[in-house]
There are 2 protein chains.
Amino acid sequence: MEDTTHKMNTKQRLLKAACELISMRGYEQTTVNDICTAAGANIAAVNYYFGSKEDLYKAAWAHAASLIKEHHPLPDKNIDPLEWLNEFVRVRIEAVFDDTPGGWFPRLVVREMTNPTEMANAFYETYLTPKMNLARTQVAKLLGVPPSSFLADTCTVNINGMLVHLNCMRTFKKGPMGTRVFSEKMINDLITQMQTFAEGGIAALKKAKKGACA
Amino acid sequence: MEDTTHKMNTKQRLLKAACELISMRGYEQTTVNDICTAAGANIAAVNYYFGSKEDLYKAAWAHAASLIKEHHPLPDKNIDPLEWLNEFVRVRIEAVFDDTPGGWFPRLVVREMTNPTEMANAFYETYLTPKMNLARTQVAKLLGVPPSSFLADTCTVNINGMLVHLNCMRTFKKGPMGTRVFSEKMINDLITQMQTFAEGGIAALKKAKKGACA
DNA sequence: GTCTATAATCCGATAGAC
DNA sequence: GTCTATCGGATTATAGAC
């Protein structure tokens, strides 16, 4: 990671500082003063370039979303469902452990999820719901049920829950949740384990469904 | 739930209002003014009875912890591990969906997890770590590995992640995460599904472990 | 014990000089 | 574009009357 801060103009520096600080501390806990100081800009710069703290925040989401799309793209939806799910788990975990700008997005998401602003609904619809629909479609294929079914929904929520929880452990440094340290090998083991766990869980649910019908 | 507010003294009313409001909105988002208004007390009452907002918060945790111990006790640790885990999942989910004071604790936990105060570490050690150690011990028995192993740890984290995520969906009403509505039957289905999913996940991990040794 | 009034901070936003 | 100075609002905590 080359530091190109010195080459960026004030607006770009503010955007970068906003992504970094807000993904690290959350929206409410980050003041415009913090952002301006980190960006080497004056306290009035945020309002000059973005109009308000809220609008800077929206720009930060858009920026982080484009970066994760570039660095951690989701698998092709036309491949085998099980392969898709394994790739999905892998990509999501890798993004969670990404300490470069490519990892800003999952942290912004979990901050917004757990400390919602007035913009939460808009962010969800734009950036998250489409991805979640993709995942539920693949899980439904594996379960042999419609994507709109309660089983497909809750099963997807379960898998997403494990990933979100992992994201929390990385995002919230304060408190014992963030005290775990993961080496490169441990991350790879974690990916394999979560893939195995999810696959086993889905298989068990599919089997139980058949049993209930018989 | 009988409303006995009128019978309580000011200190008790403050404690109740603090539990309700902070579990609903979080510590930072709840002002002492909100709490005093809800308790029908004066703005200065919190400092008079508890010394500070922080000390009231500590009292709220202690109160909520004693209530969940009473209304949603964990299963006996000497029963069969699989039965223990199923009971654990059931009890935790029931607590998450409990809208009475018995459900204050999980909401306080998730608020503190995702918006940590300076007291986070102390709360964890006192109220949470012991429970998590219990769960990891049972999961380790099912996996056939030591409780201190990476596999037992991450597997327990996976299961806990699903439960925490469910807790988030109930706690954070703002944003689409809290828009799902669960009927009594859906909650029971959810319990069965999550038990099946966890059991299947653990079985798959145990099988993969054997395969790796062969 | 309860109340009013206020002190002491802190934050986002903006006016106006340069 | 950048800066200083300040306004207006919100919050915790407390002093002091009743």
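Proteins come first, then strands; the chains are lettered A, B, ... in the order of their sequence lines, and each starts at number 1. Note: hydrogens, waters and symmetry copies are ignored here, and every other heavy atom, side chains too, is used.
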- Query: Can you name the residues that form a side chain to side chain contact (heavy atoms under 4.5 Å, CB included) with A:Asn133, not counting sequence neighbours?
  - Reply: A:Thr129, A:Arg136
- Task: Just jot down the side chain to side chain contact (heavy atoms under 4.5 Å, CB included) partners of A:Thr30, sequence neighbours excluded, or say none.
- Result: A:Leu21, A:Ile22, A:Arg25, A:Asp34, A:Ile35
- B:Phe123: ring pair (Phe, Tyr, Trp, His ring centres under 6.0 Å) partners, not counting sequence neighbours: B:Tyr57, B:Trp61
- Query: What pairs with B:Phe182 under ring pair (Phe, Tyr, Trp, His ring centres under 6.0 Å), at least two apart in sequence or on another chain?
  - Reply: B:Phe97
Tabulate protein N/O versus nucleotide N/O from nucleotides 11-15 of chain C, keeping only pairs under 3.5 Å, one per line.
{"from": "C:dG12", "atom 1": "OP1", "to": "A:Lys53", "atom 2": "NZ", "distance (Å)": "2.8"}
{"from": "C:dG12", "atom 1": "OP2", "to": "A:Val32", "atom 2": "N", "distance (Å)": "3.0"}
{"from": "C:dA13", "atom 1": "OP2", "to": "A:Lys53", "atom 2": "N", "distance (Å)": "3.1"}

Only pairs under 3.5 Å count here: list side-chain donor-acceptor contacts from residues 67-76 of chain A, not counting sequence neighbours, and write none if there are none.
{"from": "A:His71", "atom 1": "ND1", "to": "A:Leu67", "atom 2": "O", "distance (Å)": "2.9"}
{"from": "A:His72", "atom 1": "NE2", "to": "A:Asp98", "atom 2": "OD2", "distance (Å)": "2.7"}
{"from": "A:Asp76", "atom 1": "OD1", "to": "A:Asn78", "atom 2": "N", "distance (Å)": "2.7"}

- Task: Check every strand shown and say whether B:Tyr49 touches a base, only sugar-phosphate, or nothing at a heavy-atom separation below 4.0 Å.
- Result: sugar-phosphate
- Message: So, using side chain to side chain donor-acceptor pair (under 3.5 Å) as the criterion, who are the partners of A:Glu87 when residues are at least two apart?
- Response: A:Arg90
- Task: Can you sort out the partners of B:Asn188 under side chain to side chain donor-acceptor pair (under 3.5 Å), two or more places apart, ordered by chain and number?
- Result: none
- Message: Please identify the 5'-most and 3'-most nucleotides of DNA chain D with any atom under 4.0 angstrom from a heavy atom of chain A.
- Response: D:dG1 to D:dT4
- Message: Testing the 3.5 Å rule here: is there a donor-acceptor pair between the side chains of A:Arg92 and A:Asn167?
- Response: no
